[in-house]
Peer 1: 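Supplied in structure tokens, the structure appears directly below.
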There are 2 protein chains.
Amino acid sequence: MPGPAGRKPPADKYDERRRALAESALLTLGELGYAKASLREIANNSEFSHGVVHYYFEDKHELIVYCVREQKSVCVRRYDGVVADSTTPDELAAGFADKLVETLTNDAAMHRLWYDVRTQSMFEDRLREVAAEIDGWLEDMIWRIVSRYAELAGAEPAMPPSVLYAILDGLFQQALIGVTVGREGVLDELRALVNALMPTMITAPVAAPA
Amino acid sequence: MPGPAGRKPPADKYDERRRALAESALLTLGELGYAKASLREIANNSEFSHGVVHYYFEDKHELIVYCVREQKSVCVRRYDGVVADSTTPDELAAGFADKLVETLTNDAAMHRLWYDVRTQSMFEDRLREVAAEIDGWLEDMIWRIVSRYAELAGAEPAMPPSVLYAILDGLFQQALIGVTVGREGVLDELRALVNALMPTMITAPVAAPA
DNA sequence: CTTCCGTCTTGACGACTGTCAAGAAATCTC
DNA sequence: GAGATTTCTTGACAGTCGTCAAGACGGAAG
């Protein structure tokens, strides 16, 4: 009975293994979705056997929650660089848009899983906590971007964080669907759109800030 | 073999029954979601037995697609009245916002099902057609509202239909989640938000149209 | 080497699923 | 009324699921 409780050997090895399992689970989870991804299928697309899951996780639910939380916790830090390094509003907007497009192509599976989990949270109580938590992370992420953008422009965000997040999330979700079904031009449209929309999200900048 | 093909008696009776079955299926579908709603559970929450589904529908997939398409085809006509009757921009915006709030409380289950189906369409090919179709309906619906709003204001929509739809859809989806988890004040916030946001969706109105 | 313990595999269990066939019930036709 | 046809119920089928127990493997400790 080594599982979750009393552990003698390197306790880090345990967490490391959990992460490895969760990461390889992401492959199947992001391809089949929350409902259709069985533990056997997840195990088949990995180096593990289907039984090992219950050695590292209580049940399927815990694996999935761990997986999406782990992924998203790094996801929400993706724009920290551009926020910190940009010196003009336009540079920030362009960097933001570029990274949006980049993650849309590179991490499409993860984003699909996230939207799946959030939607399922409306039907399954046990998912609500993690969904609400991550939604909060993402809202904060957007707020960091827009408020810094406003600061660089000598202005203020024109809308509260929740509204900014909802709007950008709606645009991103449509783009994700577009990428998933293979629609052409989605990426360039999203990039242009974000660049065009950012100025509308702050109050009119003061002409001479100094 | 009376099913889908050759029918002698009132062919309308057949369609009528399909609609009745689909409508009672909505109850369970909107409560449990696409994946977790089994045919037996759907039948239990209705006046039908679990086997009758295959008399009126090819399979589970066809039932669900029929159900969501039927529901949404009336859903997208919800704002036709306010669009036709409003004589000022503000009246249109207020009527739109009111009806948004109204459907959010009355038809929450249907909206949950729709978002579920659209999300699942990213994982399941067979859902993509109906999801894309309905997304188109909704985009047209939003376009009718905003373009009429702009017309009443003597202006033009400031963004293309797809962008307007994505933005409003993002806001609505967040509000739906809020309603589902029982967050307070969501409805009033959405109403105020829509009223405040509508002016930003059109170009600056011409002062004296005549 | 033997012993022990953390790690993992294998195989099985019961529950649940969509589907369908066989026949009962209801309705219509004459 | 009888007979035919549409409509529906019931029960079973094969398959899949999450879960878990029994034991195999591996390396470290003695």
Side-chain angles (χ1 to χ4, degrees), chain A residues 1-25 28-29 31-67 116 120 123-124 126-127, chain B residues 1-25 28-29 31-67 117 120 123-124 126-127:
Chain A
M1 58 206 70
R7 309 204 41 73
K8 197 136 19 137
D12 314 334
K13 208 75 183 175
Y14 189 72
D15 290 350
E16 197 175 309
R17 215 86 175 98
R18 277 168 70 102
R19 244 188 300 275
L21 219 167
E23 181 159 336
S24 72
T28 309
L29 240 18
E31 211 63 42
L32 299 182
Y34 172 82
K36 298 208 311 175
S38 70
L39 292 181
R40 284 170 175 80
E41 196 65 32
I42 290 174
N44 276 351
N45 300 355
S46 77
E47 46 175 352
F48 307 96
S49 70
H50 76 269
V52 82
V53 173
H54 290 85
Y55 183 77
Y56 288 103
F57 295 94
E58 189 70 24
D59 54 8
K60 183 188 181 183
H61 174 78
E62 193 189 305
L63 165 66
I64 293 179
V65 166
Y66 182 92
C67 181
D116 192 14
Q120 292 305 312
F123 302 108
E124 188 149 353
R126 305 165 66 200
L127 286 177
Chain B
M1 56 207 70
R7 311 200 40 73
K8 201 143 4 146
D12 313 335
K13 209 76 182 175
Y14 188 73
D15 291 350
E16 196 176 310
R17 214 87 176 98
R18 277 168 71 102
R19 244 188 301 275
L21 219 168
E23 182 159 337
S24 72
T28 309
L29 239 19
E31 211 62 42
L32 299 183
Y34 172 81
K36 299 206 312 173
S38 71
L39 293 180
R40 284 171 177 80
E41 196 64 34
I42 290 174
N44 277 351
N45 300 354
S46 77
E47 47 175 351
F48 306 98
S49 71
H50 77 269
V52 80
V53 172
H54 289 85
Y55 184 76
Y56 288 103
F57 295 93
E58 190 69 25
D59 55 7
K60 184 189 180 184
H61 174 79
E62 192 189 306
L63 165 65
I64 293 179
V65 166
Y66 183 93
C67 181
V117 165
Q120 293 304 313
F123 302 107
E124 189 149 353
R126 306 166 66 199
L127 286 176

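Sequence lines set the chain letters: A, B, ... in the order given, protein chains first and strands last, and positions in each chain run from 1. Side chains are part of it too, since the values below use all heavy atoms of this structure and drop only hydrogens, waters and symmetry mates. None of the values given here were measured: they were computed from a predicted structure.
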Peer 1: Between Q120(A) and Q120(B), is there a side-chain heavy-atom distance shorter than 4.5 Å?
Peer 2: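 In contact.
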Peer 1: Test of understanding: with side-chain hydrogen bond (donor to acceptor under 3.5 Å, both in side chains), list the residues that count as partners of D59(A), not counting sequence neighbours.
Peer 2: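 Residues passing side-chain hydrogen bond (donor to acceptor under 3.5 Å, both in side chains) with D59(A): R126(A).
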Peer 1: Kindly write out the residues that satisfy side-chain hydrogen bond (donor to acceptor under 3.5 Å, both in side chains) with R40(B), not counting sequence neighbours, or none if the list is empty.
Peer 2: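 If we apply the side-chain hydrogen bond (donor to acceptor under 3.5 Å, both in side chains) test to R40(B), skipping adjacent residues, there are no hits.
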Peer 1: Return the orientation label for the Y56(A) and Y14(A) ring planes: parallel under 30°, perpendicular over 60°, tilted otherwise.
Peer 2: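 Tilted.
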Peer 1: For dC8(C), take OP1 and OP2 only and decide whether either is under 4.0 Å from a side-chain N or O of Y55(A).
Peer 2: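 No, Y55(A) has no side-chain N/O under 4.0 Å of OP1/OP2 on dC8(C).
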Peer 1: What is the separation between atom NZ on K36(B) and atom P on dG18(C), rounded to the nearest whole Å?
Peer 2: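 In whole Å, dG18(C) P lies 14 Å from K36(B) NZ.
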Peer 1: Which of these nucleotides, dT19(D), dC8(C), dT19(C), is closest to any side-chain atom of K60(A)?
Peer 2: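 Closest nucleotide among those given: dT19(D).
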Peer 1: What pairs with T28(B) under side-chain hydrogen bond (donor to acceptor under 3.5 Å, both in side chains), at least two apart in sequence or on another chain?
Peer 2: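 T28(B): side-chain hydrogen bond (donor to acceptor under 3.5 Å, both in side chains) contacts with N45(B).
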Peer 1: Taking the side chain as C-beta and beyond, is there a heavy-atom pair between I42(B) and V53(B) under 4.5 Å?
Peer 2: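 Contact flag for I42(B)/V53(B) side chains = no.
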Peer 1: Does any N or O in the side chain of D116(A) come within less than 3.5 Å of the main-chain N or O of Y34(A), such that one atom is a donor and the other an acceptor?
Peer 2: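 Yes, the answer is positive, given that a donor and an acceptor are paired below the 3.5 Å cut-off.
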Peer 1: Taking atom C1' of dT19(C) as reference, at what distance in whole Å does atom CG of L63(B) sit?
Peer 2: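 Going from CG in L63(B) over to C1' in dT19(C) covers 14 Å.
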Peer 1: What is the distance, rounded to the nearest whole Å, between atom CD1 of I42(A) and atom P of dC17(D)?
Peer 2: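 That distance rounds to 10 Å.
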Peer 1: Taking CZ from F48(B) and P from dT7(D), how many angstroms apart are they, rounded to a whole number?
Peer 2: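 After rounding, the gap between these two atoms is 13 Å.
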Peer 1: Using atom CZ of F57(B) as one end and atom P of dC8(D) as the other, report the distance to the nearest whole Å.
Peer 2: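 Whole-Å distance recorded here is 12 Å.
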Peer 1: Tell me whether the side-chain N/O atoms of R17(A) come closer than 4.0 Å to OP1 or OP2 in dC8(C).
Peer 2: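 Affirmative; the distance criterion is met.
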Peer 1: For the residue pair A35(A) and K60(A), what are the closest heavy atoms and their distance?
Peer 2: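 A35(A) and K60(A) have their closest heavy atoms at O-NZ, 4.1 Å.
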Peer 1: Distance check needed: dT17(C) C1' versus D59(B) CG, whole Å only.
Peer 2: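 About 14 Å, once rounded to whole Å.
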Peer 1: Under 3.5 Å, which protein N or O atoms sit close to an N or O of nucleotides 10-13 of chain D? Give each pair with its distance.
Peer 2:
residue: dG11(D); atom: O6; partner: H50(B); partner atom: NE2; Å: 2.7
residue: dA12(D); atom: N6; partner: R40(B); partner atom: NH2; Å: 2.7

Peer 1: The criterion is ring-ring contact (aromatic ring centres under 6.0 Å, His included); which residues satisfy it with Y66(A), sequence neighbours excluded?
Peer 2: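 Expected list: F57(A).
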Peer 1: Using atom names, set out every protein N or O paired with an N or O of nucleotides 28-30 of chain C below 3.5 Å, distance rounded to 0.1 Å.
Peer 2:
none

Peer 1: In whole Å, what is the span from the CD atom of E16(A) to the P atom of dG6(C)?
Peer 2: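 Atom-to-atom, E16(A) to dG6(C), this comes out as 18 Å.
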Peer 1: Roughly how many Å is it from CG in L39(A) to C1' in dT9(C), rounded to a whole number?
Peer 2: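 Atom-to-atom, L39(A) to dT9(C), this comes out as 15 Å.
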